[in-house]
Participant: 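Below you will find the structure I want to go over with you.
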Amino acid sequence: MKRKILIFALLAVSYSSAPVEGADTIPVTMENFNQAMAAKYMGNWDKRGADKALVHLPKLVPAGDKAPVVRMNQDSLYSSAIVRADENGMVHVSIDEGAEVYTSVHVLDENSASPAYFVGPGKHSVKIDTQWAFVIFRAGVEDKTDLSGALAAQPLFHVDYSANTGHDYVAPDFDVAQRNTLTEKLKAEFLKSGQDFVYVAGKDHDVDPLRIAQSNAQGWGGMPVELGVSNIYRNTRQFKGGVCQTVSFEEPDNKYFTSITLYDEAGYMIDSARFSINSYEWEKNDDGTVTISFNCGNSAVNNLTTNGQDFNYTVRNYGVSERVVADEFGGREPTEAK
């Protein structure tokens, strides 16, 4: 009996002496939320060594919360880097000639702002507002059963790591519980608002800070709109997953391609047999329009499934056109099939 009492006493001391969460962390508020989100996701890639060398993901991003960043997709294979700005505040990135698929490079800073997005081969020097940048390369996937073109493109991506010499990226230690609480609040507000994602290029902007924070909570890693170059991501509200629904729309006239991906309320791809589709693979109607089916059975045209789970979805427009910016194509209000 004395031995048992001693064991319980030791356990009690062990638990009571554990560090209190948030004791030495940075409080998370609306004022620094964007920085806290950048630290979270850059920290995830830092664990993979992205501040030492370009990290290539050789396979499609998995569904569910296994994804390293919220609201990723399977339109491309990702390669990522964490790079320190040089003495002039610049980071240097490039894509070589020779890719047979869509390629792009996207630069974000520690404020979750996106000062640059480039498509295709080229060398670029980008001024950032912070000490470190997060760089995302995309190699397009036209057929999810054949990744050869995307894999062949990844060696064509380059980042100048010379400014990293002697420096390690260390993610600021924001209070995790506070960040999670605020993130869930902003995610819920975003889905209820019915608004589009909105992102900025830098610290000087006239965008509502709440909309920026909501966008970074529900879909971190976007970019401002540049016609024919960057992408615009349009999101929907939540829909019931237990009924057959369809949506039809005129096919968008984006420069590159268009995709639709299903997400759960937390912003992760729904883990089902088919949760995404793009314009390389969808079937068109006789009149040239496109119909997407949700939970309508394998025989339904362009059918996506959620296994009965409620869902929202994002329409991604790569190389966005002026008509898409004007939101002339719809495609975000499914109706229950009769």
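The model shown is predicted, which means the values in this text are computed figures rather than measured ones.
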Participant: Do Ser215 and Tyr199 make a side-chain contact, defined as non-hydrogen atoms from C-beta onward lying under 4.5 Å apart?
Facilitator: yes
Participant: For Lys52, does the NZ atom have more than 12 heavy-atom neighbours from other residues, nucleotides or ligands under 6.0 Å away?
Facilitator: yes
Participant: Anything under 30° is parallel, anything over 60° is perpendicular, the rest tilted; go ahead and classify Phe157 against Phe137.
Facilitator: parallel
Participant: Taking the side chain as every heavy atom from C-beta outward, state whether Val290 and Asn285 have any pair of such atoms under 4.5 Å apart.
Facilitator: no
Participant: Please check this pair: side chain of Asn312 against backbone of Asp264, looking for a donor-acceptor N/O pair closer than 3.5 Å.
Facilitator: yes
Participant: Are any of the side-chain nitrogens in Lys187 or Glu265 under 4.0 Å away from the carboxylate oxygens of its partner?
Facilitator: no
Participant: Tell me whether Ser293 contacts the main-chain N or O of Val301 through its side chain, where contact means a donor paired with an acceptor under 3.5 Å.
Facilitator: yes
Participant: Salt bridge or not between Asp75 and Arg138? Use side-chain N to carboxylate O under 4.0 Å.
Facilitator: no
Participant: With hydrophobic residues grouped by side-chain heavy-atom distances under 4.5 Å, do Tyr117 and Ile232 end up in a single group?
Facilitator: no
Participant: Might you work through the side chain to side chain contact (heavy atoms under 4.5 Å, CB included) test for Phe329 and Val324, ending with a clear yes or no?
Facilitator: CA-CA 7 Å; Phe329 293 90; Val324 171; 3.6 Å; yes
Participant: Evaluate the criterion salt bridge (charged side-chain N to carboxylate O under 4.0 Å, His left out) for residue pair Lys192 and Glu189; output intermediate values, then yes/no.
Facilitator: CA-CA 5 Å; Lys192 290 179 181 178; Glu189 291 174 354; over 6 Å; no
Participant: Under the ring-ring contact (aromatic ring centres under 6.0 Å, His included) criterion, do Phe190 and Phe197 qualify, and how do the steps go?
Facilitator: CA-CA 9 Å; Phe190 178 85; Phe197 292 105; 4.6 Å; yes
Participant: After noting the C-alpha distance and the side-chain angles of Asp173 and Thr25, does the key distance pass the side-chain hydrogen bond (donor to acceptor under 3.5 Å, both in side chains) rule?
Facilitator: CA-CA 5 Å; Asp173 190 14; Thr25 56; 5.8 Å; no
Participant: Please report the closest heavy-atom contact between Ala337 and Thr246, naming both atoms and the distance.
Facilitator: CB-CG2, 4.5 Å
Participant: Rounded to the nearest 0.5 Å, what's the gap from CG on Asp109 to OG on Ser114? Could you check?
Facilitator: 8.5 Å
Participant: Measure across Tyr169 and Ala38 and return the closest heavy-atom pair with its distance rounded to 0.1 Å.
Facilitator: OH-O, 4.5 Å
Participant: Determine yes or no for a side-chain-to-main-chain donor-acceptor pair under 3.5 angstrom, with Asp175 supplying the side chain and Pro27 the backbone.
Facilitator: no
Participant: Are any side-chain N or O atoms of Thr165 and backbone N or O atoms of Ser162, one a donor and one an acceptor, separated by less than 3.5 Å?
Facilitator: yes
Participant: Thinking salt bridges, do Arg332 and Asp196 make one under a 4.0 Å N-O criterion?
Facilitator: yes
Participant: Ion pair present between Arg323 and Glu250, side-chain N to carboxylate O less than 4.0 angstrom?
Facilitator: yes
Participant: Between OH of Tyr41 and CG of Asn216, what distance do you get to the nearest 0.5 Å?
Facilitator: 9.5 Å
Participant: Can you tell me if CG on Asn88 sees more than 12 non-hydrogen neighbours from other groups inside 6.0 Å?
Facilitator: yes
Participant: Strictly distance-based, threshold 3.5 Å: is any side-chain N or O of Ser193 a donor or acceptor partner for the main-chain N or O of Gln195?
Facilitator: yes
Participant: If you group Ile, Leu, Val, Met, Phe, Trp and Tyr by side-chain heavy-atom gaps below 4.5 Å, do Val126 and Val159 land in one group?
Facilitator: yes
Participant: Can you check whether Val119 reaches Thr103 side chain to side chain, under 4.5 Å on heavy atoms?
Facilitator: no
Participant: Verify side chain to side chain contact (heavy atoms under 4.5 Å, CB included) between Thr335 and Val247, making sure each step is shown before the conclusion.
Facilitator: CA-CA 6 Å; Thr335 57; Val247 64; over 6 Å; no
Participant: The test is side-chain hydrogen bond (donor to acceptor under 3.5 Å, both in side chains); show your working for Ser125 and His92 and say whether it passes.
Facilitator: CA-CA 4 Å; Ser125 295; His92 310 279; 2.6 Å; yes
Participant: Flag the pair Glu336 and Lys240 as a salt bridge only when some basic side-chain nitrogen lies within less than 4.0 angstrom of an acidic carboxylate oxygen.
Facilitator: no
Participant: Tell me whether the centres of the aromatic rings in Phe134 and Trp220 are closer together than 6.0 Å.
Facilitator: yes
Participant: If I compare all heavy atoms of Ala85 with all of Thr130, which pair ends up nearest, and what's the gap?
Facilitator: CB-O, 4.2 Å
Participant: Just verifying a value: how many Å separate Asn295 CG and Ser272 OG, rounded to the nearest 0.5 Å?
Facilitator: 8.0 Å
Participant: ring-ring contact (aromatic ring centres under 6.0 Å, His included): which pairs involve residues 284-304, sequence neighbours left out?
Facilitator: Phe294-Phe311, Phe294-Tyr313
Participant: So, Asn32 side chain and Gln35 main chain: donor-acceptor pair closer than 3.5 Å or not?
Facilitator: no
Participant: May I have the step-by-step check of side chain to side chain contact (heavy atoms under 4.5 Å, CB included) for Arg316 and Tyr318, ending in yes or no?
Facilitator: CA-CA 6 Å; Arg316 285 182 170 80; Tyr318 288 81; 3.5 Å; yes
Participant: Between Asn317 and Asn231, is the side-chain hydrogen bond (donor to acceptor under 3.5 Å, both in side chains) condition met? List the steps.
Facilitator: CA-CA 5 Å; Asn317 300 275; Asn231 317 324; over 6 Å; no
Participant: To the nearest 0.5 Å, how far apart are CD in Glu184 and CD in Gln218?
Facilitator: 8.5 Å
Participant: With hydrophobic residues grouped by side-chain heavy-atom distances under 4.5 Å, do Tyr268 and Tyr78 end up in a single group?
Facilitator: yes
Participant: Are Asp143 and Val141 close enough, and set up right, to give a side chain to side chain contact (heavy atoms under 4.5 Å, CB included), and what steps lead you there?
Facilitator: CA-CA 6 Å; Asp143 178 354; Val141 173; 5.8 Å; no
Participant: Indicate yes or no for a side-chain donor-acceptor contact from Asn164 to the backbone of Val83 under 3.5 Å, with no hydrogens or angles considered.
Facilitator: no
Participant: Verify, without hydrogens or angle tests, whether His56 (side chain) and Pro155 (backbone) share a donor-acceptor contact under 3.5 angstrom.
Facilitator: no
Participant: Return the CD to OG distance between Glu100 and Ser148, rounded to the nearest 0.5 Å.
Facilitator: 8.5 Å
Participant: Flag the pair Arg84 and Asp51 as a salt bridge only when some basic side-chain nitrogen lies within less than 4.0 angstrom of an acidic carboxylate oxygen.
Facilitator: no
Participant: State, with a plain yes or no, whether a side-chain heavy atom of Trp132 is found less than 4.5 Å away from one of His167.
Facilitator: yes
Participant: Any chance you could measure Ile260, atom CD1, to Ser276, atom OG, to the nearest 0.5 Å?
Facilitator: 10.0 Å
Participant: Do NZ/NE/NH1/NH2 and the carboxylate oxygens of Glu281 and Arg274 come within less than 4.0 Å?
Facilitator: yes
Participant: Are any non-hydrogen side-chain atoms of Met30 and Leu182 less than 4.5 angstrom apart?
Facilitator: yes
Participant: Are Ile212 and Val28 connected in a single hydrophobic cluster, I mean Ile/Leu/Val/Met/Phe/Trp/Tyr linked by side-chain heavy atoms less than 4.5 Å apart?
Facilitator: no
Participant: For a quick test of reading the model, state the closest non-hydrogen atom pair linking Arg71 to Asn235 and the distance between them.
Facilitator: NH1-OD1, 3.0 Å
Participant: Does the side chain of Asn34 come under 3.5 Å of the side chain of Asn111 through a donor N or O and an acceptor N or O?
Facilitator: no
Participant: In terms of hydrophobic clusters joined by side-chain contacts under 4.5 Å, are Ile277 and Val61 together?
Facilitator: yes
